[in-house]
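Below: one structure, written as structure tokens.
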Amino acid sequence: MRGPLRDAKAAGLLRRDLTLDDVSLIIKMIRGALSGIEDPAARATAANRALTLALHGVVPSTGRD
């Protein structure tokens with residue numbers, strides 16, 4: 001994952017300070033958010049929302065925030 005992460009940062013697609021530890025933390029946060037949600041549809045909805053929120057936290061700021 002180091003290569004793709006480095007390449008994405010170089011292309012300006014991810015924050016320059018994002019680390020592999022950060023990616024692992026994001027995955028763990030999403031897993032935690034989904035724990036206890038048994039309904040497949042509700043789980044999918046929650047997973048999509050959690051991922052959307054996580055991604056907005058890793059893209060470079062555009063100054064529009």
Side-chain angles (χ1 to χ4, degrees):
M1 291 233 354
R2 279 189 175 91
L5 183 63
R6 181 191 61 238
D7 295 344
K9 290 193 291 186
L13 299 173
L14 295 174
R15 296 170 57 124
R16 297 191 62 73
D17 64 342
L18 187 72
T19 67
L20 284 176
D21 287 340
D22 295 331
V23 174
S24 178
L25 178 60
I26 291 166
I27 292 168
K28 290 174 184 174
M29 290 182 338
I30 292 172
R31 285 170 84 190
L34 301 179
S35 68
I37 301 175
E38 300 297 327
D39 177 62
R43 189 173 175 88
T45 298
N48 286 329
R49 180 64 177 153
L51 183 58
T52 297
L53 292 169
L55 289 175
H56 283 287
V58 299
V59 295
S61 175
T62 61
R64 292 181 292 174
D65 300 4

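Everything quoted here is computed from the prediction, not taken from an experiment.
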Inset, instruction - Assess the side chains of Thr19 and Asp22: does a donor N or O sit below 3.5 Å from an acceptor N or O? - result: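 The criterion, which ignores hydrogens and geometry beyond distance, is satisfied for Asp22 and Thr19.
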Inset, instruction - Please report the closest heavy-atom contact between Ala46 and Ile37, naming both atoms and the distance. - result: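 In terms of heavy atoms, the two residues are closest at CB-CD1, 3.7 Å.
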Inset, instruction - List the atom of Leu20, the atom of Arg2, and the distance in Å for their closest heavy-atom pair. - result: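 Closest approach of Leu20 to Arg2: CD1-CG, 3.3 Å.
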For the atom pair [atom1] ([X]) and [atom2] ([Y]), what is the distance rounded to the nearest 0.5 Å?
{"X": "Leu51", "Y": "Met29", "atom1": "CG", "atom2": "CE", "value": "11.0 Å"}
{"X": "Ser35", "Y": "Arg43", "atom1": "OG", "atom2": "CZ", "value": "8.0 Å"}
{"X": "Leu13", "Y": "Asp7", "atom1": "CG", "atom2": "CG", "value": "10.0 Å"}

Legend entry - Test item: Thr52 side-chain N/O and Asn48 main-chain N/O as donor-acceptor pair under 3.5 Å: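 Yes; judged by distance alone, with no hydrogens or angles, the pair exists.
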Inset, instruction - Check whether any side-chain N or O of Lys9 sits under 3.5 Å from a backbone N or O of Leu18 as a donor-acceptor pair, and report yes or no. - result: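 It does hold such a pair.
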Legend entry - Member of Val23, Ile30, Leu25 meeting the side-chain contact (heavy atoms from CB on, under 4.5 Å) criterion with Ile27: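 Testing Ile27 for a side-chain contact (heavy atoms from CB on, under 4.5 Å) against Val23, Ile30, Leu25 leaves exactly one candidate, Val23.
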